[in-house]
Structure formats: structure tokens, C-alpha cells
Engineer: 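Below: one structure in C-alpha cells.
By convention in this document, chain letters (A, B, ...) are assigned in the order of the sequence lines, proteins followed by strands, and residues within each chain are numbered from 1. Note that the coordinates shown come from a computational prediction; the quantities given were computed from them, not determined experimentally.
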Amino acid sequence: MSIITSIFNALPGAVAQGLIWGIMAIGLYITYKVLNISDLTVDGSMCTGAAVCVMLTIAGMPLPLAMVCAVIAGMLTGFVTGIFHTFMGIPAILAGILTQLSLYSVNLKIMGKANQALSVRNYDLLVSLQYIRNVPIWKNAIFVVSLFVIILIAILYWFFGTEYGCSLRATGSNLNMSRAQGINTSFNTVVGLMLSNGIVALSGALLAQYQGFADVQMGRGAIVIGLAAIIIGNAVFGKIFKNFAFKLLAVGLGGVIYYIVYQIVICLGIDPDLLKLLSAMVVAIFLAIPYWKKTYFAKPKKGGTKNA
Amino acid sequence: MLEIKNIFKTFNPGTINQKVALNDLNLTLNDGDFVTVIGGNGAGKSTMLNAISGVWRPDSGNIIIGGVDVTHMPEHKRARFLGRVFQDPMLGTAANMSIQENMALALRRGNRRGLKWGISEKEKVQFRAALQTLELGLENRMTSKVGLLSGGQRQAVTLLMATLKKPKLLLLDEHTAALDPKTAAKVLELSEKIVRENHLTALMVTHNMKDAIRYGNRLIMMHEGHVIFDVSGEEKKNLTVEELVEKFSTASGQEFANDRALLSK
């Protein structure tokens, strides 16, 4: 009984935190699904967003402005990876790893130490784990983050429907075709990486406020959690959500489901040290499923001449 | 319309894989020329098309399209002069975008892509009409993902995309080689029709000598990176495959030892 009560009690927090990670996953979706690049920068840029937001707020900058700066800082990290990849010809994964590694130093320098607190008692924060119960609805963390998710999805839906957004999607879909149609694929790749990491930094800024601190370790393994959210979202909602906006929503909800399961697992008493191992295994298996399907369970096509 | 002047290109220079791909290539196309290009494997046919479209820069020489020297222009910039259809049907279209989105992308070739909506209602009407001319029923599937289409359908759509915005030069790089004979014939007919109706200047690489003779007003044969035989008008119309093989032997001093070309007599 007590387990169920504790799960129930942890649920709202899990939803709020899951939504914040959902924003991160939406950012990752832009590189992973739209641009067709596995961008490891996110492991560093999430913390960069948090660090910039926390330090600027402590320094007395108004919070919204600090968050805008966090997003810009995140975009800069994406810019660096983009330059590594396009201008310097480094494979995308390696480019991301290089940026991520250098961001560890950068993040430490931004914060001055490994951990910086941002207490909700001293600052007027947008979201906090204190704002889960007994607060007016408009202050509730779940409500505020949901608002962020919805506005973000609306902006992205509009953006990827524009002429330029279409050319970004084409870049991820087919580089040859894109160049043949006059699209500057290098430029677009850089822009896509900037957009993605800007969103990841936004989620970092929100997470730092929510948990009340920024920590140099906070983005570690973010790409795995983000991929998990994308995969879960697609597995649960893939059949019903076909529209681009709904696909993004599915990613956001994927983050929520991930964190609910995470909470349940913790409440069941599994060693939290093992959680990253479990997450990675789950993601690995889900990434393998499409490959296994193709290799071992492929049905012979009916009407072979159709695809001639 | 197109001037290729003294183009040289060597791949992997200084290694054991060194390959002289284009060796003093010269070619001038007049407005409205529909030129078929034949030659053995490694003769430089596709390399020539890649040089024109800017996939890489030549070692020396100049390429001029419609009076503009594009030799040092990056691939995406000179795309505004060119319509391109590739050998691989998968290369010419974005598989996970819809037919109409692909066409909208192609219609904006050479334009600045801003934050206006990516496709307008007026354009959809235009695309429907264009797709109708293909007679493949695609006008009723405009929101289908291109990845769901067959290779032939994809080449037909790519062909439309290459010519939606009239290019100064249409480059067809063995664009029917990956298709079955029936589909290939259909796509060829379609190419001919589009070139004729839009008065396009076109370069078509083919392995099929019959097609090379049958289509276009001019035929060039390439060997070892340059043009060894150039024929047009009546003389080209009256060519036979045997004569072509003969011409190849005399012009190159070699047997036309290419199974694919011989088989496709």
C-alpha cells in the first residue's frame, strides 16, 4: 500500500520533470529525426542553458531575460558543433562529442564551481518543485511547463511549414536532392543544430529552476533520455499522431511517460545507481527493433515488379 | 547556352587510384540543343555532368552557363540554372516529404527561402495540373510521401521537379538505367516531351545506343575524358548502332568493348 501511495505522491513531480525533459527531447528530435544527425552536443548544452540561466539570475538579471540568454548560449553550442561538422568536415557524432567535452570546461567556468544553487525562496522562479501542490493553477509547475511545450510546438510547427523550414526538412531527408534544388545544406545543418541546442538549453534552464540548482553533471546522458522519450512517444502515439505537431507532442509526452516509469521504478526500490544502465539498455533494444524487423522478419514483397 | 572550356579533372592524384576523369574536355551547347551522350564505362560522362552541376571543382578550365562563369560557384548556387535527374531514383526526391512538398521545394530553386508558408493553394493547383500530364494518377496522391512511390514514379516526379522552374540546362544522368525496360521507355518518352514542350536545352547520358540515336538533335561520344565524336542534324538521325560502334573504333582506336552498351543495341 505504501508503495502505491508513494508512487501517487511522486506522480505530479514526475510529470513536471518529464515535461521539462520532453522539451529537451523535442530539441533532440530536430537533429535526430528532422536533420538525421545524432547530435551529442545536447549532453553539454543542457547544462550550459542551466548554468547561464542560474548565474545571470543570481547576478540580478530578470529571469525571462536570463532564460533568453540561456537559449542563445545553447544556440552557440550548436553553432560550434555545426562549424566542426560542416566547415571542418568532422563527422557529426564526433563533432558533438568534441563540443560536449569542451562544454564541460565551459560550464564549470560559467558557474565557477560544480554546483550552483538557485533557491526559489530568494528568487521569483517560473517553475519549482515547490510549485507542485497548494499553489494557484497558473503557478503550478505542470501548467507552466505544459504552456512552454505547447507554445514551442506551435512555433516549430509553423517554422517547419515555412519555405525555409521545408528546406531544412529536405536537408535532413536528402542532401543530394537539396543541393540540386539550390539549398545550402551546410548552412541549414548549422541552423538546425543551433535551433536544437537552443531548445535543449531552454529545457536546461527550466530544469535548473525546477530542481533549484545547476550542476555540471546535469546533462550527462541527456541524449539517451531524449532518445528514450522520442522512442516511447513514437511507440505509444505513433499510430494515431501523424501530423508533425502531434509527433512533437508525442515526443513531449514520451518524456512524461519516461519519468513516470522512472519514478515507479524508484518507488519499487530498485537501486537508483542502475537507472542509467537500464535506460541505455531500453533505448538500445528499441533502436534495434526496426533493424531486427528488417533483417529477420522481413516479409517478401507482394507484386515484386511494383517497385521497379 | 553551355560552354565547357578545357576542363581537366583528376581524382586521387598522386595515389595508386589516380584516375584522369576529364582530359581537356570541350563542349558548346546551343540554345535548344537536346544532346545525348554515350561512351564506355569511365569515359567521363557522369563526371562531365557532375562538373557542370558543381559537385566538385575542376582542376582547370571554365564552365559557362547562359553567359555566367560558374566554375567557382558552389553546387547549391548554380542549381538555379540547372534541372537535374540522377541515375538513382532515390536521389532526386526527399522520401519522407510529400509529393507536393517536394514540388514546392523545386519551384523555389534559385529563390531565397523565407518565412512565408512553404506551399500555397495556388501552387497546389499548378502541381496538380503538372502531375496530370504524367498520366500516372499522382495528382490524386499529392500528400503521399514520395518514399511510397515506385522508382519509375519517383523519376517522373523528379523530372517534373527539374523542369517546374524552367532550367537553362537540363541534366539527365542515365536517369532510366535503374528502371525496368517498360518504365524506362515511358520515362524517356516523358523526358522527350518535357524537353520539346518547354524548349529546353538538355544533356542526356545513356548507355542505350538506340535511345541515343532516337532522342535529341545531337549526339556526342566520349572517351577517356573528352569528346571523340560529335554529330547532329540529319546525319545524326540516319545513324545506326553499327555505325556508332564503327565510329567508336576509328575515333578511339579501340574496340567498343562495353558489354552493357553492346547488349542494349
Side-chain angles (χ1 to χ4, degrees), chain A residues 29-37 86-87 89 154-192 195 230 234 238 242-245 247 290 294 301-308, chain B residues 53-55 74-86 88-98 101-120 145-154 158 161-162 164-165 171 178-184:
Chain A
Y29 186 91
I30 293 172
T31 46
Y32 183 68
K33 283 284 184 184
V34 178
L35 272 185
N36 206 9
I37 286 176
T86 57
F87 181 65
I155 293 174
L156 288 178
Y157 180 75
W158 163 78
F159 177 72
F160 282 105
T162 63
E163 291 177 339
Y164 182 71
C166 284
S167 82
L168 250 177
R169 278 155 61 212
T171 301
S173 180
N174 187 337
L175 285 171
N176 276 295
M177 172 268 193
S178 301
R179 285 195 281 262
Q181 301 304 344
I183 294 168
N184 188 342
T185 51
S186 298
F187 179 79
N188 277 7
T189 304
V190 175
V191 170
L195 184 62
I230 292 172
N234 186 42
K242 297 287 182 201
N243 180 290
F244 184 71
K247 279 185 182 166
K294 206 170 66 188
K301 260 189 198 131
K302 287 177 218 157
T305 55
K306 249 190 181 165
N307 274 341
Chain B
S53 38
V55 177
E75 186 179 2
H76 66 90
K77 273 201 178 144
R78 60 174 99 172
R80 68 165 182 258
F81 302 119
L82 303 169
R84 289 161 69 188
V85 185
F86 308 93
D88 182 352
M90 305 302 143
L91 286 186
T93 42
N96 51 24
M97 295 176 79
S98 68
E101 281 174 329
N102 270 280
M103 295 176 80
L105 281 167
L107 189 65
R108 285 162 179 76
R109 187 174 59 237
N111 296 0
R112 220 181 64 85
R113 291 164 207 267
L115 294 177
K116 272 194 304 222
W117 199 242
I119 178 168
S120 71
K145 299 261 181 291
V146 168
L148 299 172
L149 305 184
S150 72
Q153 287 170 330
R154 281 181 82 159
T158 310
M161 286 166 57
L164 260 182
K165 185 153 197 216
L171 301 174
L179 307 176
D180 68 86
K182 219 175 112 193
T183 317

Engineer: Where do A:Gln181 and B:Arg113 land on the side-chain contact (heavy atoms from CB on, under 4.5 Å) test, with the steps shown first?
Structural biologist: CA-CA 11 Å; A:Gln181 301 304 344; B:Arg113 291 164 207 267; 4.3 Å; yes

Engineer: Where on B:Arg78 is there a heavy atom nearer than 4.5 Å to chain A: the side chain, the backbone, both, or neither?
Structural biologist: neither

Engineer: Ignoring hydrogens and angles, tell me if any N or O in the side chain of A:Asn176 forms a donor-acceptor pair with the backbone of B:Met90 under 3.5 Å.
Structural biologist: no

Engineer: Ignoring hydrogens, what is the shortest heavy-atom contact between B:Trp117 and A:Tyr157? Give both atom names and the distance.
Structural biologist: CH2-O, 4.2 Å

Engineer: What are the two closest non-hydrogen atoms of A:Ile183 and B:Leu105, and how far apart are they?
Structural biologist: CD1-CD2, 4.0 Å

Engineer: Would you compute the distance between atom SG of A:Cys166 and atom CZ of B:Arg108 and round it to the nearest 0.5 angstrom?
Structural biologist: 7.5 Å

Engineer: Just wondering, do A:Met177 and B:Asn102 contact through their side chains at under 4.5 Å, heavy atoms?
Structural biologist: yes

Engineer: Taking all non-hydrogen atoms of both residues into account, name the closest pair between A:Ala180 and B:Phe86 and its distance.
Structural biologist: CB-CZ, 3.9 Å

Engineer: Examine whether an atom of B:Glu101 lies under 4.5 Å from a heavy atom of chain A, and if so say whether it belongs to the side chain, the backbone or both; otherwise answer neither.
Structural biologist: side chain

Engineer: Can you say whether B:Lys116 sits under 4.5 Å from chain A via the side chain, the backbone, both, or neither, judging by heavy atoms?
Structural biologist: both

Engineer: Mark yes when over 12 heavy atoms from residues, nucleotides or ligands other than A:Phe244 sit less than 6.0 Å from its CZ; otherwise mark no.
Structural biologist: yes

Engineer: Is chain A contacted by the side chain of B:Thr93, its backbone, both, or neither, given a heavy-atom distance below 4.5 Å?
Structural biologist: backbone

Engineer: For B:Arg80, which atoms come within 4.5 Å of any heavy atom of chain A: side chain, backbone, both, or neither?
Structural biologist: neither

Engineer: What part of A:Phe159 gets within 4.5 angstrom of chain B, counting heavy atoms only: side chain, backbone, both, or neither?
Structural biologist: side chain

